[in-house]
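One structure below.
Worth saying up front: this structure is predicted, and the values here are computed from it rather than measured. A, B, ... follow the sequence lines: proteins, then strands. Residue 1 opens every chain.
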Amino acid sequence: MRFSQLLLPTLKETPAEAEVVSHKLMLRAGFIRKLTSGVYSYLPLGLAAIRRVENIIREEMNRAGAQELLMPMVQPADLWIESGRWEKYGPELLRFTDRNGRQSCLGPTHEEVITDLVRKNIHSYRNLPLNLYQIQTKFRDEIRPRFGLMRGREFIMKDGYSFDASEKDVEITYEKMYEAYNRIFSRCGLAFRAVEADTGTIGGSFSHEFMVLAETGEDTLVICKECSYAANMEKARAMEQESPDEKPELLPLEKIETPGKRKVQAVTEFLSISPKNLIKTMVYLVDSKPLAVLLRGDHEVQPVKLKNLLNGVEAELADDKQVFDATGVPSGYLGPMGLKIPVVADREITAMHNFAIGANEKKYHYINANLGRDFEVATIGDLRMVTEEDRCPHCGSNLELTKGIEVGHIFKLGTNYSEALKATFLDNQGMENSYIMGCYGIGVSRTVAAAIEQNYDKDGIIFPLPIAPFQVIVLNLSPSAKKFTEAAETIYDGLGKNSIDVLLDDRDERPGIKFKDADLIGIPYRVTVGKSFEKNGTIEIKERANGQTISVELHETVDRLLEIIRQKMVR
RNA sequence: CGGGGCGUAGCGCAGCCUGGUUAGCGCGCCUGCCUUGGGAGCAGGAGGUCGGAGGUUCAAAUCCUCUCGCCCCGACCA
C-alpha cells in the first residue's frame, strides 16, 4: 500500500474526547473515528490490525476443531423469551419493534440463536462434539460507553459455543479452548494471564478470563507470585487464617461511649485497637432485601461473592437512610447483637476473639465481644476482597494485585440454555439428553485496544509484529529523486512478493513528518531510503520497539527483513 | 439514572462574566517560492447557520428558557 493513496488521517493533536492511551493513539494514528457514543468506524489501519487478530483467532479455533459460521445480528424476542433472558438481560439489550409489530433485539451474544440452530439440526450423539464460532459485530447498549474501543456499544467479538454429550467431553472441549486461547494471545504477542472468574449473569459452573496486563486496565486481578494461581477480584480466594490453637480467655463484654466515632478508623483509634480487632457491620440490599454483613475492620465486602452465597441477582450497599430504615440504628453504630435483619459473616471473623462491635445504639460500641457467646451468625462464608496481605490459596505464597483488561472469557455453561430451549439429542442408549454447552468469547476490537495500552511510548503505538497493520514501512525521503524512488520501489516490491505487508511512504513530505507518522502508527520495522543511501548506498532498518538500527546494502535489504520477520512470527 | 462539564473552521482552543463594526489564534488544508534525517520558513488563500429552537434587546457567540449531542465521576457491566 502506498501512503499517498491511503486513508490515514494522522493527527498532531489529541482530540479532547479521548481519555486513555489506546483511545488517544487510535484517534491520532488514524485507526478509528467516532460516529456516535460508543460507536466507531474502523479506518483502513484500524481494520488491518483487527483483521490480524481475527486471523490468528481463526487459525487457532480451526486448529482446535471449531468451525466458523455467521449468525444474524437481529434476533427475534421469542427466542429470548424462551430462554428467560428477555426479562433478565435488562436495558443493555437493545430492543425494537419491526413494521409488523414483532419484538426484536440486536444480538449482544448468541446463546439463544446457536442453541436454536443446533436443536433444529442435530439430534444424535454421533454428531457430537460440536464446536461453532463466529466473528461478528455485537451491540450492547452500555450504561456508559468509554475509552474508545475498550468499552464501546458496538464492538467486534469472536463468540464460540460448544455442544457435548457428557461432562467428561465438555471438560475436554473446555481444556482445548483454554489452550487455544493461550495460543491466540501468545501469538498476538501480548503479556496476559488466564484467571479464575465469576460466571456472571450468563450462568454456569466454571470460567476463566483472559486478561491483558496493563496499568490502565479496568479490572483488578490477583496473581500468586510463586505458583500459577490467578483470579479476578470477584472470585479470588485467600488461604484461610489459622485459628490459634489455644483460645484466648474471653473477656467480659463492655459497652463504651464512642461519640461521633462512626468510621472504622475513628473507632479503632479512639479505642486504641487495631482495625483487625473490630468487626464492622455493613448493610447490603440483596435483591432489595436488607441484610447485615459482618467482616473484619480492615476488610472489604466483595459484592459478587455475597450475591452468590445468597443466590441473589443483585447486591448493593445500602445508603445511610436505607440503613436506618432497615435497622433503626444510625450507620456507624451497627453491630450484630440484636439486629432484626438477617446477618451473614465473612469466615475470617470466626478466628477473632474479644473484638469491638457497634452497639446498635447511637454513640456506643461494645468491646470484648465474642462470636457464639454474645451473638450467633447463621450463614458464614468467604465474602471479602482479597488483599495483598493475603496468601495464595494453593501454595501459601504472597499474592500480588495487578491491573488487567479482559479480552477473553471462557465458560462451561452446562445445560442452562439447552434445557430452557429444549435442545436435546439421543445418546447411544437411545435416551434423550440436553446438550452440555460451553461458550467462549474474545473481544476482538478490545484486544487491539489492549495491545496498545500495553505497548506504546511517547511517540506512539508499538505494535507487536503479529498484529501490526503493516509489518514494514518503507520511507522514501526523496520521492522526487529517481534514484531514491527506484530503490524504495525495489524494496517495496520485493517485500510484497514475499507476502510481507508493507506500507510505502511515497508522500512529498519532509523527513520529520514521515518519521513522526511512522512512529505514531507503530509499524514494527522502518526501512529508510535517505541520507546514507545518498552517501554510500546503504539502507537503514530500524526496529520500532527498541530503536535498534542496522545498515544494509540495497540488494540485501529484502532478505534481511524476511529473515528478521520469519524469526519473530510464532506459528 | 444521579452529579459535574463542554458544544465557536477538519483538530486544539480564546472570545461569553461586563451584549455593540467584517468572530479570533495555533495546527491542518489549497497555491507559489524555498527547504529536505525528527511534525521547517516566507507570501497569498479557502473554510464558520458560534449545536438547535424560542425569547429579551435598537443590537445576541455573549443574557434567559427549552432542547439535542458529547465528555467526565458514580451506580452497572462481557
message: Distance check, P atoms only: B:G10 and B:C42, in whole angstrom units.
response: 25 Å

- prompt: Considering only the C1' atoms, how many Å lie between B:C29 and B:G39, rounded to the nearest integer?
  reply: 15 Å

- prompt: Who does B:C50 pair with, Watson-Crick or G-U, both distances under 3.5 Å?
  reply: none

message: Just the rounded figure in Å: distance from P of B:G38 to CD of A:Glu540.
response: 12 Å

Euclidean distance, atom CG of residue A:Leu27 to atom P of B:G10 [Å, nearest integer]: 17 Å

query: In this structure, which one of A:Lys176, A:Lys158, A:Arg183 forms a salt bridge (charged side-chain N to carboxylate O under 4.0 Å, His left out) with A:Glu60?
result: A:Arg183

- request: Could you please name the option among B:C76, B:G38, B:G37 that lies closest to any side-chain atom of A:Arg146?
  value: B:C76

message: Check this for me, if you would: do A:Lys412 and A:Glu171 make a salt bridge, where the nitrogen-to-carboxylate-oxygen distance has to be below 4.0 angstrom?
response: yes

message: When the P atoms of B:A61 and B:G54 are compared, how many Å lie between them, rounded to an integer?
response: 14 Å

task: Verify whether the ring centers belonging to A:Phe31 and A:Phe463 lie closer than 6.0 Å.
output: yes

message: Applying the ring-ring contact (aromatic ring centres under 6.0 Å, His included) criterion to A:Tyr178, which one of A:Phe210, A:Phe411, A:Phe185, A:Tyr440 satisfies it?
response: A:Phe210

message: Measuring to OP1 and OP2 of B:C73, would you say a side-chain N or O of A:Arg144 lies under 4.0 angstrom away?
response: yes

message: Less than 4.0 angstrom between a side-chain N/O of A:Lys516 and OP1 or OP2 of B:G39, yes or no?
response: no

field: Gap in Å between the two C1' atoms, one belonging to B:U56 and one to B:C63, rounded
entry: 8 Å

task: Using the P atom on both, measure B:C66 against B:G3 and round to a whole Å.
output: 14 Å

- line: In Watson-Crick or G-U wobble terms, with both distances under 3.5 Å, the base opposite B:G7 is B:C68

field: Residue A:Ala16, side-chain atoms from C-beta onward, closest of B:G39, B:G37, B:G12
entry: B:G12

field: Phosphate contact (B:A40 OP1 or OP2) by A:Arg510 side-chain N/O below 4.0 Å
entry: yes

- request: Please answer whether the main-chain N or O of A:Glu92 pairs with a side-chain N or O of A:Arg140 as donor and acceptor at a distance below 3.5 Å.
  value: no

- line: Checking N1-N3 plus N6-O4 or O6-N4 for Watson-Crick, or N1-O2 and O6-N3 for wobble, each under 3.5 Å, the partner of B:C1 is B:G74

query: With both distances under 3.5 angstrom, what nucleotide forms a Watson-Crick or G-U wobble pair with B:U36?
result: none

Interatomic distance where CG belongs to A:Leu477 and C1' belongs to B:G37 [whole Å]: 6 Å

message: Over all strands shown, is A:Arg526 touching base, sugar-phosphate only, or nothing at heavy-atom distances under 4.0 angstrom?
response: base

message: Given 3.5 Å as the limit, does a donor-acceptor pair link the side chain of A:Gln302 with the main chain of A:Val304, or not?
response: yes

message: Less than 4.0 angstrom between a side-chain N/O of A:Thr14 and OP1 or OP2 of B:C11, yes or no?
response: no

Atom-to-atom span, CG of A:Leu11 to C1' of B:G26 - whole angstrom: 14 Å

message: Given the structure, check if the side chain of A:Arg28 and the base of B:G39 hold any donor-acceptor pair shorter than 3.5 Å.
response: yes

task: Have a look at A:Asp517 and say if it touches a base, only the backbone sugar-phosphate, or nothing, with a 4.0 Å heavy-atom cut-off.
output: base

- line: Of A:Ile143 and A:Leu520, the one whose nearest nucleotide on RNA chain B sits closer to the 5' end is A:Leu520

message: Applying the Watson-Crick and G-U wobble criteria at under 3.5 Å, what pairs with B:A23? Answer none if nothing qualifies.
response: none

- prompt: Using a cut-off of less than 4.0 Å, is there contact between a side-chain N or O of A:Ser480 and OP1 or OP2 of B:U36?
  reply: no

Polar-atom pairs under 3.5 Å, protein N or O versus N or O of nucleotides 27-32 of chain B: list them with distances, or write none.
residue, atom, partner, partner atom, Å
B:C27, O3', A:Lys12, NZ, 3.2

statement: Partner of B:G44 under the Watson-Crick or G-U wobble criteria, both distances under 3.5 Å, comes out as B:C30

- prompt: Nearest nucleotide by nearest heavy atom, which residue falls closer to the 5' end of RNA chain B, A:Glu17 or A:Glu218?
  reply: A:Glu17

P atoms of B:G37 and B:G32, separation to the nearest Å: 23 Å

Side chains of A:Tyr435 and A:Ser162 in contact at under 4.5 Å (non-hydrogen atoms): no

message: If I take atom CD in residue A:Glu19 and atom P in nucleotide B:G5, what distance separates them, rounded to the nearest angstrom?
response: 17 Å

- request: Taking all heavy atoms of A:Gln454 and all of A:Ala191, pick out the closest pair and write down the distance.
  value: NE2-O, 2.7 Å

- prompt: Out of B:C11, B:C71, B:G69, which nucleotide sits closest to the side chain of A:Pro15?
  reply: B:C11

field: Donor-acceptor pair, side chain of A:Ser532 and main chain of A:Thr538, under 3.5 angstrom
entry: yes

- request: Please work out if A:Lys535 contacts a base, only the sugar-phosphate, or nothing of the nucleic acid, heavy-atom cut-off 4.0 Å.
  value: nothing

query: A:Leu475 CG to B:G39 P: how many Å, rounded?
result: 14 Å

- prompt: Would you say A:Lys514 reaches B:U36's phosphate, i.e. side-chain N/O to OP1/OP2 under 4.0 Å?
  reply: no

message: Taking pairing as Watson-Crick or G-U wobble with both contacts under 3.5 Å, can you name the mate of B:C63, or confirm there isn't one?
response: B:G55

Gap in Å between the two P atoms, one belonging to B:C16 and one to B:G24, rounded: 15 Å

query: A:Arg153 has an atom CZ; how far is it from atom P of B:C70, in whole Å?
result: 7 Å

task: Select base, sugar-phosphate, or nothing to describe what A:Gly441 touches, counting heavy atoms under 4.0 Å on all strands.
output: nothing

field: Nearest-Å distance for atom pair CG/P, residues A:Asp519 and B:G38
entry: 12 Å

query: Salt-bridged, A:Glu234 to A:Lys305, with N to O below 4.0 Å?
result: no

message: Quick check for you: to the nearest 0.5 Å, what is the distance between A:Thr447 atom OG1 and A:Ile452 atom CD1?
response: 11.0 Å

- line: Considering only heavy side-chain atoms of A:Thr36, the closest of B:A78, B:G37, B:C70 is B:C70

- prompt: Mind checking the C1' distance from B:C68 to B:A46? Whole angstroms is fine.
  reply: 30 Å

